[in-house]
Amino acid sequence: MKRILVTGGAGFLGSHLCERLLARGHDVLCVDNFFTGSKQNVAHLIADPRFELMRHDITFPLYVEVDEIYNLACPASPIHYQYDPVQTTKTSVHGAINVLGLAKRTGAKILQASPSEVYGDPDLHPQPEHYWGRVNPVGVRSCYDEGKRCAETLFFDYWRQHGVRIKVARIFNTYGPRMHPSDGRVVSNFIVQALLGDDITIYGEGTQTRSFCYVDDLIEAMIRLMATKDEFTGPINIGNPVEFTIHDLASQVLALTGSDSRLVFKPLPMDDPRQRQPDIALARQVLRWEPETQLAEGLERTIEHFRDRLLTQQIAELAALARSGPRQTAQPQAPTELVPDAPAQPLAQTA
Ligand code: NAD
Ligand code: UDP
Ligand code: UDP
């Protein structure tokens with residue numbers, strides 16, 4: 001049994017990681033400022049005496065005693081990380097300094113959740129770990145891409161200079177239950193749009209590609225990475241190498257939901273990478289790991305999750321409507337929280 005800190009533990013990936021670590025018998029301290037995560041994501045873990053939830057912003061120092069640290073705290077979708085870009089860079093850079101300082105003091109092993117965005121809009125395909133990337137340092141995505149690149153630099157300097165035991169994972173597009181429904185990411189957008197019968201918004205012509213990894217596979221790889229020998233630092237790509245065009249994804253979502261939503265084409269966002277696929281040869285070799293979940297199977301589980309959320313919210317809204325006065329005949333509206341492309345708002349700090 002270890003004492004494990006998960007920063008960003010109330011987010012999409014963090015909540016699955018906390019769940020899995022508890023199931024393995026560890027004590028888990030989940031630290032989050034609830035900017036994009038929510039208490040709801042970890043509500044089912046609160047009753048476990050080995051789970052502790054702490055509201056804290058990692059740009060401030062944190063003094064706790066732990067054996068391992070997974071550093072996931074950082075808004076991950078463009079609309080959220082671009083909402084307050086300076087804070088995004090601070091979270092990546094100041095946050096990394098604080099958790100690395102904590103690892104240095106306690107001797108804890110520390111894993112960084114780095115994204116495939118460190119490769120930018122790559123001119124090498126698929127991307128192996130030795131590829132240095134093609135990143136715009138002054139664009140709207142730079143706060144995230146460069147912030148995460150600087151965090152990697154800090155991890156490697158704390159390793160070289162202070163002997164901190166580090167692991168750097170480079171995570172490619174991951175999806176699954178508890179993705180934020182209005183964070184603008186393609187899988188959640190398409191599923192919610194299809195379930196609501198709204199237009200499916202394809203940016204550009206939909207010929208750009210991504211490789212989608214189901215969350216359970218990703219978490220397994222992260223835990224295996226933490227368990228590698230101290231000599232192994234990474235960086236190591238984690239993701240699913242099976243590549244799909246965004247148009248393919250839209251077709252699969254339509255087929256699996258049975259929706260008759262229309263496909264509509266919108267302008268491609270700035271600096272949107274045309275192609276992305278991980279080279280996972282190193283993960284296969286070192287972690288003896290391979291993603292197991294096929295896209296259709298993972299999408300079905302994710303669709304199920306959003307269907308339930310939608311239903312729960314519609315019931316709550318109908319109940320509120322019923323309580324608020326004389327019966328209305330109007331159709332219930334789609335719950336605003338579940339409508340994609342919502343204006344870029346930070347989520348309630350009191351989530
Ligand atoms: P998420 O937004 O759901 O989770 C991030 C969590 O960090 C949220 O709970 C948020 O409230 C918290 N947070 C943000 N700033 C914080 C701060 N200053 N202090 C404390 N908590 C803070 O995103 P996610 O998809 O779960 O991503 C988790 C991590 O994995 C991120 O670091 C992201 O860069 C990385 N990652 C995710 C993906 C993906 O496809 N989901 C891909 C590559 C990398
Ligand atoms: N830090 C922390 N928790 C700890 C130890 C350090 O949050 O348990 C923070 C501390 O605030 C410091 C940062 O981590 O600013 C970096 O620590 P380090 O020891 O590397 O640097 P120094 O304290 O010398 O600036
Ligand atoms: N995308 C899209 N429609 C949407 C949301 C996203 O076509 O409603 C596209 C987006 O332009 C990008 C791809 O889907 O090419 C993946 O976007 P996402 O934000 O999920 O991830 P990232 O760009 O970080 O890989």
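These numbers were taken from a predicted model, which means no experiment stands behind them. No hydrogens, no waters, no symmetry mates; every other heavy atom, side chains included, goes into these values. In each ligand, atom 1 is the first atom listed, and ligand 1 is the first ligand listed.
With respect to atom 39 (C) of ligand 1, the closest heavy atom belonging to the protein is Arg185 NH1, 3.4 Å. The nearest protein atom to atom 20 (O) of ligand 2, hydrogens excluded, is given as Tyr158 OH, 2.6 Å; this is a heavy-atom distance. Of the protein's heavy atoms, Tyr144 OH, 2.5 Å lies nearest to atom 34 (O) of ligand 1. Regarding atom 29 (C) of ligand 1, its nearest protein heavy-atom neighbour is Leu72 O, 3.2 Å. Scanning all protein heavy atoms for the shortest distance to atom 8 (O) of ligand 2 gives Arg105 NE, 2.6 Å. Among protein heavy atoms, atom 3 (O) of ligand 1 sits closest to Phe12 N, 2.8 Å. The protein heavy atom nearest to atom 1 (P) of ligand 1 is Thr36 OG1, 3.7 Å. For atom 23 (O) of ligand 1, the nearest non-hydrogen atom of the protein is Ala76 CB, 3.5 Å. Protein heavy atom nearest atom 18 (P) of ligand 2, with residue, atom name and distance: Lys104 NZ, 3.5 Å. Here the heavy atom of the protein found nearest to atom 43 (C) of ligand 1 is Ile171 O, 3.0 Å. Among protein heavy atoms, the minimum distance from atom 12 (C) of ligand 2 is reached at Asn98 OD1, 4.1 Å. Here the protein heavy atom with the shortest distance to atom 30 (O) of ligand 1 is Leu13 CD1, 3.6 Å. Atom 10 (C) of ligand 2 has as its closest protein heavy atom Tyr63 OH, 3.8 Å.
No N or O atom of His162 sits closer than 3.5 Å to an N or O atom of ligand 2. Remark: ligand 3 and Ile202 share no N or O pair separated by less than 3.5 Å (distance only, no angle test). Ligand 3 has a nitrogen or oxygen under 3.5 angstrom from a nitrogen or oxygen of Arg210.
The option from Gly37, Gly239, Cys74 that lies nearest to atom 7 (O) of ligand 1, judged by heavy atoms, is Cys74. Summarising the contacts of atom 1 (N) of ligand 3 with Tyr203, Tyr175, Phe172, Tyr144, the nearest heavy atom is found in Tyr203. Between atom 6 (C) of ligand 2 and the options Gly95, Gly101, Ala108, Ala103, the minimum heavy-atom separation is to Gly101. Between Ile97, Leu154, Leu62, it is Ile97 that holds the heavy atom closest to atom 16 (C) of ligand 2. Closest heavy-atom approach to atom 16 (C) of ligand 1 among the candidates Asn33, Asn173, Asn41: Asn33.
Counted by atom type alone, Asn41 and Glu19 present zero donor-acceptor pairs between their side chains at under 3.5 Å.
With a heavy-atom cut-off of 4.0 Å, Val187 does not touch ligand 3 at all. Residue Tyr175 does not touch ligand 1, judged by heavy-atom distances below 4.0 Å. Within the 4.0 Å heavy-atom criterion, the part of Lys148 lying near ligand 1 is the side chain and not the backbone. Counting heavy atoms closer than 4.0 Å to ligand 3, residue Asp272 contributes side-chain atoms (C-beta onward) but none from N, CA, C or O. Of the heavy atoms in Ile246, only side-chain atoms (C-beta onward) come closer than 4.0 Å to ligand 3.
If you number the atoms of ligand 1 from 1 as listed, the ones under 4.0 Å from a heavy atom of Gly11 come out as 3 (O), 4 (O), 8 (C), 9 (O). Ligand 1 places these atoms under 4.0 Å from at least one heavy atom of Pro75: 14 (C), 15 (N). Interface atoms of ligand 1 facing Ala10, defined by a heavy-atom separation under 4.0 Å, are 9 (O). Within ligand 2, the atoms closer than 4.0 Å to a non-hydrogen atom of Pro61 are 7 (O), 11 (O), numbered from 1 in the order shown. If you number the atoms of ligand 1 from 1 as listed, the ones under 4.0 Å from a heavy atom of Phe34 come out as 11 (O). Taking a cut-off of under 4.0 Å to the non-hydrogen atoms of Phe190, the atoms of ligand 3 that pass are 3 (N), 4 (C), 8 (O). Counting the atoms of ligand 1 from 1 in the order shown, those under 4.0 Å from a heavy atom of Gly8 are 6 (C), 7 (O), 9 (O), 12 (C). Atoms of ligand 1 found under 4.0 Å from any heavy atom of Pro115 (numbered from 1 in listed order, with element): 43 (C), 44 (C).
The closest approach between a heavy atom of His56 and any atom of ligand 1 is below 4.0 Å. The closest approach between a heavy atom of Asp32 and any atom of ligand 1 is below 4.0 Å.
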Would you sort out whether Ser211 and Asn240 count as a side-chain hydrogen bond (donor to acceptor under 3.5 Å, both in side chains), showing the intermediate values? CA-CA 6 Å; Ser211 312; Asn240 192 326; over 6 Å; no
Could you go through the salt bridge (Lys or Arg N to Asp or Glu O under 4.0 Å) check for Glu297 and Arg301 one step at a time? CA-CA 7 Å; Glu297 187 187 342; Arg301 289 190 217 159; 2.6 Å; yes
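The protein does not reach atom 22 (P) of ligand 2 closely, with no heavy atom under 4.0 angstrom from it.
For Tyr175 and Tyr214, the gap between ring centers is short of 6.0 Å.
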